[in-house]
2 protein chains.
Amino acid sequence: MDTITIKDIARALNLSTSTVSRALRDSYEINAETKRLVIEYAERLNYRPNPIALSLKENRSRVIGVIVPQIANNFFSQTINGIEAVAYSRGYHVIIFQTHESFEREILTVQQAVARKADGLLISLSSSTSDVTHLCQLQEKKLPIVLFDRVSNELDSPSVTADNFGGAFAATEHLIQTGRRRIAHLTIPPYISITQERLAGYRAALDKYGIPYDESLVRYAGFGQDEVEPIVDDLLRQSPDAFFAASDRLALGCLEALKKRNIAIPETVSLIGFTNITVANLLSPSMSTVEQPALEIGQLAAEQLFNMIEGKQKIPQPGIIRIPTRMVIRESSQRSLVG
Amino acid sequence: MDTITIKDIARALNLSTSTVSRALRDSYEINAETKRLVIEYAERLNYRPNPIALSLKENRSRVIGVIVPQIANNFFSQTINGIEAVAYSRGYHVIIFQTHESFEREILTVQQAVARKADGLLISLSSSTSDVTHLCQLQEKKLPIVLFDRVSNELDSPSVTADNFGGAFAATEHLIQTGRRRIAHLTIPPYISITQERLAGYRAALDKYGIPYDESLVRYAGFGQDEVEPIVDDLLRQSPDAFFAASDRLALGCLEALKKRNIAIPETVSLIGFTNITVANLLSPSMSTVEQPALEIGQLAAEQLFNMIEGKQKIPQPGIIRIPTRMVIRESSQRSLVG
DNA sequence: AACGTTATCGGGAACGTTACCGGATTGGCG
DNA sequence: CGCCAATCCGGTAACGTTCCCGATAACGTT
């Protein structure tokens, strides 16, 4: 309606749109006086170039798409924070998509992002995604893609994750060194890369200390509301002396279930989580955690993406960047008096 | 590059672009056979209309802007969840902006959203915002705006908030009924509407029970990292027997500070927070809270906005929709044995 | 004096899409 | 047989912007 365009300026100043355009972009072939006139007038009317027209012309949107399983999750909202910081500093906007852990929605969502002409995609795969051909196709069309956290090695794209193997190894080793032997591992659906890596770290630590790997101590939990409790019950029948939980939600669900059953932590079983909640120290008992640098993961992933977008570095080096985790020992995994 | 357009289809089928366009929109003036041809071909090539071209033509973006102080905050990320659900079901996309509690950034951010041609704005004001003329101007330009949570009555727009007065009243009354008299109120910067409302609820409850309002028991905390602790220290000199904290962050900071000083909760002081953290029951002690229905606030706010956008209901009814809060009593505010 | 240079600007096309207007062909009807 | 309406389709402008190509002077160069 009253948004003013380059045409309005041209008409008012008796110039052509091309002249106005060039004056505003400070072209050398425009008279200094004319420039001044145009710029002053534009300023006075608070002219802003129409980004949509720009996008249509330049075939790019200055928008990147971020696809995550869900945003109401501490880890992801922190990651998005990091992504946004980098994006905005480069003049890009961020559109966030949620897959809600559904493969179908992931496909739809990716299509949406592409239709919207996102200049690049930052993706953390849904837990039900085992096949990434929908992403491979995009990559063949030269759309920059960077994976983070939930990555896949079937896609030749840069990836950024925490050092899941190292974190899981450290957590398991810590439990062993505090006298635990039957360490249960409660983890997320098996397709996801991080599940595999954490499981591998867990097994490697067991190996190192000559503890046989017992499959019955490992359980995969989905993302349902009340899925955790029965699984914990089930695991308890194997009489574990420690729990290593692979995510925020699982660690908290685990803690809740154990408290509900009046199982002493850490006396009877100790507990360590792979999580990013900020209140771990305020829990009862305060919870040991392996922390992932979420903000940094987001920043790095975004930087990788912009390197691809702007550097025209078309050939993605499909390296995985691993960021070290940090283990914080709290009450829930103290050496048990019994052990 | 290889994104196919209506022109490609026209060329391939020896038709004009207008015919293709109408065929795809199922116009009555196109032969059924031609339609079939076009639609089949489009399907085969996986044609997707270019939303940017559409936006330019129709002067709307099918994008709404959400402006919040920060996303890495349980309340806001839940709210955004609600907003997204409604938006996506209506075929809109959501771009999220963060103000980081800065007035300057709020102004910039709003400008950004407008320049990006957002069809409407969903805003929760920054804590340093006392002046909303930057929003009034937009409203005069007929841009639909809906405020939520941190609202302002200086703007004639629909607003959606929790029942802050009622929640604060209930929390304070609960503290009084469990024998507390010197109730400290730790709250957020005073400009924000919710601060005023919660303070009013607090005072009203005191009034009802004939407890004089003591200004020295009320403190305003900013959003700095280590701001809470000294304030708690300061408040403790007034020997309060209860704390009513007005946000997630403050309640947790309060809990941490009190635990650090070995002050028994709830024996010496009891504590209730105005918050949305999901782990309140796992804290030590488990924390009483007044919960806001964040998801619902987001949904309702979004629906209000879409009513304005689509219903062309240009004249906003500037009513405030208040959604009831829910008080959950846990250990931190149990009746003290002493009192 | 004829030509090249420089400075400064305008015209038009293009990005992908739709809407308006107009045109062609056909069939029906008087 | 001629006219009109219906059916079906094409051409073009427009959304806001940039860029390529010219155009027009004024000036300097040979």
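The basis for the numbers below is simple: all heavy atoms, side chains too, and nothing from hydrogens, waters or symmetry mates. Within every chain, numbering begins at 1; the chains are lettered A, B, ... in the order of the sequence lines, protein sequences first and strands thereafter.
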Nearest-nucleotide pick for B:Ser18, side chain only, options being C:dG10, C:dA19, D:dC19: C:dA19

Specify the separation, in whole Å, of atom CG of B:Asn59 and atom P of C:dG16. 20 Å

Should A:Arg22 be listed as having a side-chain N or O under 4.0 Å from OP1 or OP2 of C:dC9? no

Think A:Lys35 has a side-chain N or O under 4.0 angstrom from the OP1 or OP2 of C:dT8? no

I'd like to know if A:Ser16 reaches the base of C:dG11 with its side chain, counting only an N/O donor and acceptor under 3.5 Å. no

B:Arg62 CZ to D:dC15 C1', in whole Å, measures 17 Å

C:dT17 pairs with which nucleotide, Watson-Crick or G-U wobble, both distances below 3.5 Å? D:dA14

For A:Ile6 and D:dA14, give me the distance from atom CD1 to atom P, rounded to whole Å. 18 Å

Using a strict cut-off of less than 4.0 Å between a Lys/Arg side-chain nitrogen and an Asp/Glu carboxylate oxygen, indicate whether A:Asp26 and A:Lys35 qualify as a salt bridge. yes

Whole-Å distance, A:Ile52 CD1 to D:dT17 C1', equals 12 Å

Output the distance between atom CG (A:Asp8) and atom CG (A:Leu45), rounded to the nearest 0.5 Å. 8.0 Å

Centres of the A:Tyr41 and A:Tyr47 rings: under 6.0 Å? no

Hey, are B:His134 and B:Glu106 close enough side-chain-wise for a donor-acceptor pair under 3.5 Å? yes

Shortest side-chain distance from B:Lys57, nucleotide among C:dG16, C:dC9, D:dT18: C:dG16

Between C:dC15 (P) and B:Ile4 (CD1): distance, integer Å: 15 Å

When we call it a touch if two heavy atoms are under 4.0 Å apart, what does B:Leu56 touch: a base, just sugar-phosphate, or nothing? base

Phosphate OP1/OP2 of C:dT17: any B:Tyr47 side-chain N/O under 4.0 Å: yes

Rounded to the Å, how far apart are B:Arg60 CZ and C:dT17 P? 16 Å

Considering heavy-atom distances to DNA chain D, does B:Tyr28 or A:Arg25 have its closest nucleotide positioned more toward the 5' end? B:Tyr28

With DNA chain D as reference, determine whether A:Leu24 or B:Leu15 sits nearer its 5' end, using the nearest nucleotide of each. B:Leu15

Suppose we call a contact any N or O donor and acceptor under 3.5 Å apart; does that hold for the side chain of B:Arg48 and the base of C:dG16? no

Rounded to whole angstroms, how far apart are NZ on B:Lys117 and C1' on D:dT17? 12 Å

Do B:His93 and A:Gln112 have side-chain atoms, one donor and one acceptor, less than 3.5 Å apart? yes

Nearest to side-chain heavy atoms of B:Lys7, which nucleotide of D:dC9, C:dC9, C:dC15: C:dC15

Classify the side chain of B:Glu58 versus the base of D:dC15 as yes if they form a donor-acceptor pair under 3.5 Å and no if they do not. no

Any B:Asn50 side-chain nitrogen or oxygen under 4.0 Å from OP1 or OP2 of C:dT17: no

Kindly point out which of D:dG10, C:dT17, C:dC15 is positioned nearest to the side chain of B:Leu54? C:dT17

Touch class at under 4.0 angstrom, heavy-atom based, for A:Asp8 against every strand present: nothing

Evaluate the side-chain proximity of A:Ile145 to A:Leu138: yes if any heavy-atom separation is below 4.5 Å, no if none is. yes

Closest listed nucleotide, where the reference is the side chain of B:Thr17 and the choices are D:dC9, C:dT18, C:dC15: C:dT18

Atom pair distance, as rounded to whole Å: CG in A:Asn31 and C1' in D:dT24: 15 Å

OP1 or OP2 of C:dC9 less than 4.0 angstrom from a side-chain nitrogen or oxygen of A:Thr34, does that happen here? yes

